[in-house]
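Working notes, beginning with the structure itself.
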Amino acid sequence: MNLKRKVGLFLALTLVSTGLPLLSASTASAAGGNGAIQVIGACGDILNLRERVAGSLIVTITIPSSDPNEVWTLTAQQQDYNAVTGGREGNPVDIVPNPMPTLAFSLAEGGFTTTANFTDTSGLTHGYSYTATRTSPTPLTCTTQGFWTTPANTPGPVAPPNPIGRPDTPPALTGATEADSGSNDVLLQFDQEMLDTAQGIPAASRFQILVNGVARTVTGVQVVNDSPPADAVVDVTFDGAALASGQTVSVTYRKPLSANQAQLQDIDGNTVANFGPIAIPAF
């Protein structure tokens with residue numbers, strides 16, 4: 001799929017999608033107040049997030065099995081996010097084997113299970129992800145993630161703003177670019193989700209566009225995120241005649257000196273470095 005088609009598809013998905021984000025690739029149920037979120041993974045594995053009392057969150061992982069002789073290993077992480085902005089708070093933390101023990105078979109629980117208590121801090125989204133791997137008698141890998149938010153003065157679970165696993169580094173160009181004949185824009189792909197609100201959209205003057213060495217006036221900048229967010233495309237439009245096949249577009253970006261000014265950046269505020277000139281042939 002080319003970048004132009006991807007931008008159109010992502011915009012269409014944005015327009016037609018409604019409701020809360022999915023908690024996993026499978027099914028999930030949630031209850032407000034001192035309730036619980038249950039995320040069911042593709043293996044039938046279950047991630048339970050439950051608020052026992054205010055400020056305390058119980059996280060339980062269960063892998064269904066009737067065979068206590070199976071051999072399972074478990075890795076799991078916690079990643080916190082700002083409940084309002086979605087920005088990452090700190091780095092991912094390994095939670096196995098402390099405070100969460102390794103998986104152990106429980107006939108009463110219907111399989112291999114583990115549980116641990118975590119601090120439920122108001123104003124943060126707590127993200128939990130795990131990979132459970134069966135090595136005997138046959139290999140199987142189960143991966144699931146879930147989220148819990150307790151905003152200030154609002155008890156209970158809320159859907160997450162962002163997934164676990166975003167890079168800790170600023171967005172970088174992937175090398176994928178596009179300039180289509182008959183158009184008045186160029187597309188540049190970055191390696192991760194980017195801020196698409198006003199603070200993440202730099203002024204048009206931060207870009208310089210040359211077509212076959214002749215300057216064009218930049219008329220617009222747009223950031224379009226993939227869905228699920230794995231990369232982003234920056235769309236820069238400019239005035240003048242539409243591009244013709246064989247022409248070369250040169251793109252240069254210079255970030256503002258002040259950190260308070262709008263600029264290309266990721267959800268966590270890591271800003272894109274100056275780049276260019278990048279030469280993009282029109283086809």
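Scope of the values below: all heavy atoms of this structure, side chains included, with no hydrogens, waters or symmetry mates. The structure presented is a predicted model; accordingly, all values stated were derived computationally and were not measured.
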Subject >> Donor-acceptor contact present, side-chain Thr174 to main-chain Ala176, <3.5 Å >> reply: yes
**OP:** Provide the full list of side chain to side chain donor-acceptor pair (under 3.5 Å) pairs with a residue in residues 247-257, sequence neighbours left out, each pair given once.
**Re:** Lys255-Thr271
Original post:
For Thr219, which residues count as a side chain to side chain donor-acceptor pair (under 3.5 Å) partner, sequence neighbours excluded?
Top reply: Thr237
**OP:** Apply side-chain hydrogen bond (donor to acceptor under 3.5 Å, both in side chains) to Asp45 and Thr144, showing your working.
**Re:** CA-CA 8 Å; Asp45 50 302; Thr144 300; 2.7 Å; yes
Original post:
For the rings on Phe207 and Phe238, is their centre-to-centre separation under 6.0 Å?
Top reply: no
Subject >> Qualifying disulfide bond (SG atoms under 2.5 Å apart) pairs, either residue in residues 106-142, two or more places apart >> reply: Cys43-Cys142
Original post:
Side chain of Asp231, backbone of Phe190: donor and acceptor closer than 3.5 Å?
Top reply: no
Original post:
Of all residues at least two apart in sequence or in a different chain, which pass the salt bridge (Lys or Arg N to Asp or Glu O under 4.0 Å) check with Glu70?
Top reply: Arg134
Subject >> Interatomic spacing from OH in Tyr81 to OG1 in Thr149 - rounded to 0.5 Å >> reply: 11.0 Å
Original post:
Is it true that a side-chain atom of Asp266 and a backbone atom of Asp268 form a donor plus acceptor pair closer than 3.5 Å?
Top reply: yes
Subject >> Donor-acceptor pair between Ser65 and Asp67 side chains, under 3.5 angstrom >> reply: no
Subject >> Phe112 side, atom CZ; Trp72 side, atom CH2 - distance, nearest 0.5 Å >> reply: 8.0 Å
**OP:** Using salt bridge (Lys or Arg N to Asp or Glu O under 4.0 Å) as the criterion, list what pairs up with Arg206, not counting sequence neighbours.
**Re:** none
**OP:** Sequence neighbours left out, what passes side chain to side chain donor-acceptor pair (under 3.5 Å) with Ser258? Give chain and number order.
**Re:** none
Original post:
Is there a donor-acceptor pair under 3.5 Å between the side chain of Gln265 and the backbone N or O of Gln263?
Top reply: yes
Original post:
Are any side-chain N or O atoms of Thr60 and backbone N or O atoms of Asn48, one a donor and one an acceptor, separated by less than 3.5 Å?
Top reply: no
